[in-house]
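What follows is a single structure, written as structure tokens, with notes after it.
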Amino acid sequence: MPEFIRKPLEGLLPLIPLSFDADERIDLDGVRHSIGLVAASGAPGCIVFGSMGQMTNVSPSEFDAVCETAVAAGHDGGLAVIVGSTATYQQEAIRRARFAEAAGADGSMLAAPYALPLTPEWAMSFFVEVAEALDGEMALMLYNYSPLNGVNITADMWVRLLEAPNIKAIKESNTALPHMDQVLMTIGDRVNVFCGNDPAFFHGSMLGAVGATGIFCWAGMRTTTRFIHECRKGNHNDPWVRRAYGALQQLSASIRRPDMPLMLSYEHGYLKAISELGGARPGDPRKPYRPLPSAAVERVRAAAAALMEMEAEL
């Protein structure tokens, strides 16, 4: 397994929603509040500026302010802090990653730039060049999410990517089992593999995944932290673990129903609705994005009931 100079990237890493006030200005107190909720739950870390956390909806100065705030708040709470550095072009991605490293972030999550589809060769060169632009203390977590840029990071592509020593993790959001299994069986002993959502860890942990990026955990943060921990110990047949998996999967499935708003268009709205169940104060997404329609929010709340019941029992 990779060695980390700063805090290790492992376990449950909840996605932090970006907080705005009613005038669409960044609410740094809201960011601190969300990170405090994660720290209180016992989760080992968090991710700021994921795609659901509005990673491209900010100016450079806003990115810098949120990054510094998140690193300080997270470290005060004992968390590993991962700051997303994905941008629409390479120069800004490098600037963001270098700023996060200088601010003390433990990791940076990086997807290839998006707007027009990239080729696999361009994407590999991009990842390596960003990695080489850093001092090397901060770990890079690559983000494989092909709807962003048309590139799927295959197991074969990792042969080159592993040449960069500070690339130490991947958030694998291609949850197709043949792909996920191939990645885990090919590189799982050399790179920390994270499942793209919490319930997917039930399967991924059986093949060596070390953690999950948390979305649905906001409806039951302590429950999901324990679920990830128990799966890492191999307790997949424990009745409590099975119950937690069912509750997480029920919530996950609810947002993918064909009669619900499209995930790719409303991912900021989904994170807002789910994180509010756990006490976060994100405000509405920055326009042109919109919150979920009220009927969809109520369906998410209903689907989260089983997970919230387990949380109340702890």
Side-chain angles (χ1 to χ4, degrees), residues 1-4 7-15 38 41-47 50 52 79-80 82 106-107 109 139-145 152-155 158 161-162 167-253 255-256 274 278 304 306-307 310-311 314:
M1 302 302 288
E3 295 183 359
F4 293 87
K7 290 184 177 66
L9 310 188
E10 58 186 12
L12 177 67
L13 302 177
L15 300 176
V38 175
S41 75
C46 65
I47 298 175
M52 296 182 83
L79 299 174
I82 297 89
D106 302 288
M109 188 170 73
L140 272 183
M141 171 191 283
L142 304 191
Y143 180 15
N144 188 32
Y145 186 44
N152 180 46
I153 305 175
T154 65
W158 276 99
L161 296 175
L162 286 172
I167 296 178
K168 297 180 182 292
I170 179 172
K171 176 187 175 182
E172 185 52 83
S173 289
N174 181 346
T175 55
L177 291 185
H179 168 83
M180 184 74 175
D181 291 357
Q182 185 66 30
V183 167
L184 282 164
M185 291 187 292
T186 303
I187 62 164
D189 60 338
R190 289 171 287 171
V191 172
N192 279 8
V193 178
F194 286 78
C195 298
N197 62 69
D198 341 43
F201 191 68
F202 185 83
H203 174 81
S205 59
M206 297 182 193
L207 290 177
V210 303
T213 54
I215 303 168
F216 309 105
C217 63
W218 279 102
M221 193 78 72
R222 291 176 299 156
T223 300
T224 311
T225 299
R226 178 180 166 187
F227 167 75
I228 299 294
H229 180 69
E230 294 294 333
C231 286
R232 292 189 73 186
K233 293 196 301 181
N235 295 331
H236 299 84
N237 289 322
D238 179 89
W240 186 93
V241 173
R242 293 268 179 166
R243 181 184 171 201
Y245 171 62
L248 285 162
Q249 187 60 32
Q250 176 177 310
L251 180 52
S252 173
I255 73 172
R256 294 174 171 86
I274 299 170
L307 184 57
M310 292 190 72
E311 186 78 356
L314 291 181

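Note that the structure is predicted; figures quoted are calculated from it, not measured.
Within the 4.5 Å cutoff, no side-chain heavy atoms of Gln249 are placed close to those of Phe216. Taking 4.5 Å as the limit, some side-chain heavy atom of Leu161 sits within range of a side-chain heavy atom of Ile153. Side-chain atoms of Cys231 and Val241, non-hydrogen and from C-beta on, do get closer than 4.5 Å to each other. Phe4 is not listed as a side-chain neighbour of Glu10, based on a closest heavy-atom distance of 4.5 Å or more. No side-chain heavy atom of Asn174 sits under 4.5 Å from any side-chain heavy atom of Met180. You'll find the side chain of Lys171 reaches within 4.5 Å of the side chain of Leu15, heavy atoms only. Under the 4.5 Å side-chain criterion, counting only non-hydrogen atoms from C-beta, Phe227 is not in contact with Leu12.
Distance CD1/Ile47 to OH/Tyr143: 9.0 Å, rounded to 0.5 Å. In this structure, Thr225 OG1 and Leu13 CG are separated by 10.0 Å, a value rounded to the nearest 0.5 Å. Within the model, atoms NZ of Lys168 and CG of Leu162 stand 10.5 Å from one another, a figure rounded to the nearest 0.5 Å. To the nearest 0.5 angstrom, Leu142 atom CG is 4.5 Å from Ile167 atom CD1. Taking CD of Glu230 as the start and CG of Asn237 as the end, the distance is 12.5 Å to the nearest 0.5 Å. The structure places CD1 of Ile228 at 11.5 Å from OG1 of Thr223, a figure rounded to the nearest 0.5 Å.
Looking at every heavy atom in both residues, Glu172 comes nearest to Val183 through OE1-CG2, 3.9 Å. Considering every non-hydrogen atom in both Gly45 and Leu79, the closest pair reads N-CD2, 3.8 Å. What you find for Phe201 and Gly211 is that their closest heavy atoms are CE1-N, 3.2 Å. Ala209 and Leu184 make their closest contact through N-CD2, 3.5 Å (heavy atoms, listed as atom of the first residue, atom of the second, distance). Heavy-atom minimum distance, Ser41 versus Ala43: OG-N, 3.2 Å.
Taking the ring centre of Trp158 as origin, the terminal cationic atom of Arg190 falls outside the region bounded by 6.0 Å and 45° from the ring axis.
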- [ ] Given side-chain contact (heavy atoms from CB on, under 4.5 Å), test Tyr245 with His236 step by step and report yes or no.
- [x] CA-CA 9 Å; Tyr245 171 62; His236 299 84; over 6 Å; no
Task: Intermediate values then yes/no, side-chain contact (heavy atoms from CB on, under 4.5 Å), His179 and Asn144 - done: CA-CA 11 Å; His179 168 83; Asn144 188 32; 3.4 Å; yes
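Side-chain atoms of Asn235 and His229 form no donor-acceptor pair, as typed in the model, at a separation below 3.5 Å. Residues Thr175 and His203 bring no donor and acceptor atom of their side chains to less than 3.5 Å of each other.
Of the possible polar contacts, one joining the Thr213 side chain to the Gly196 backbone as a donor-acceptor pair under 3.5 Å is found. Checking side-chain atoms of Trp218 against main-chain N and O of Pro14 turns up no donor-acceptor pair under 3.5 Å. No donor-acceptor pair under 3.5 Å is formed between the side chain of Asn192 and the backbone N or O of Val210. Between the side chain of Glu311 and the main chain of Ala219, no donor-acceptor pair closer than 3.5 Å is present.
Of the options Ile215, Thr224, Asn197, a side-chain contact (heavy atoms from CB on, under 4.5 Å) to Leu248 is made by Thr224 and by none of the others.
With sequence neighbours left out, Arg232 forms a side chain to side chain donor-acceptor pair (under 3.5 Å) with no residue at all.
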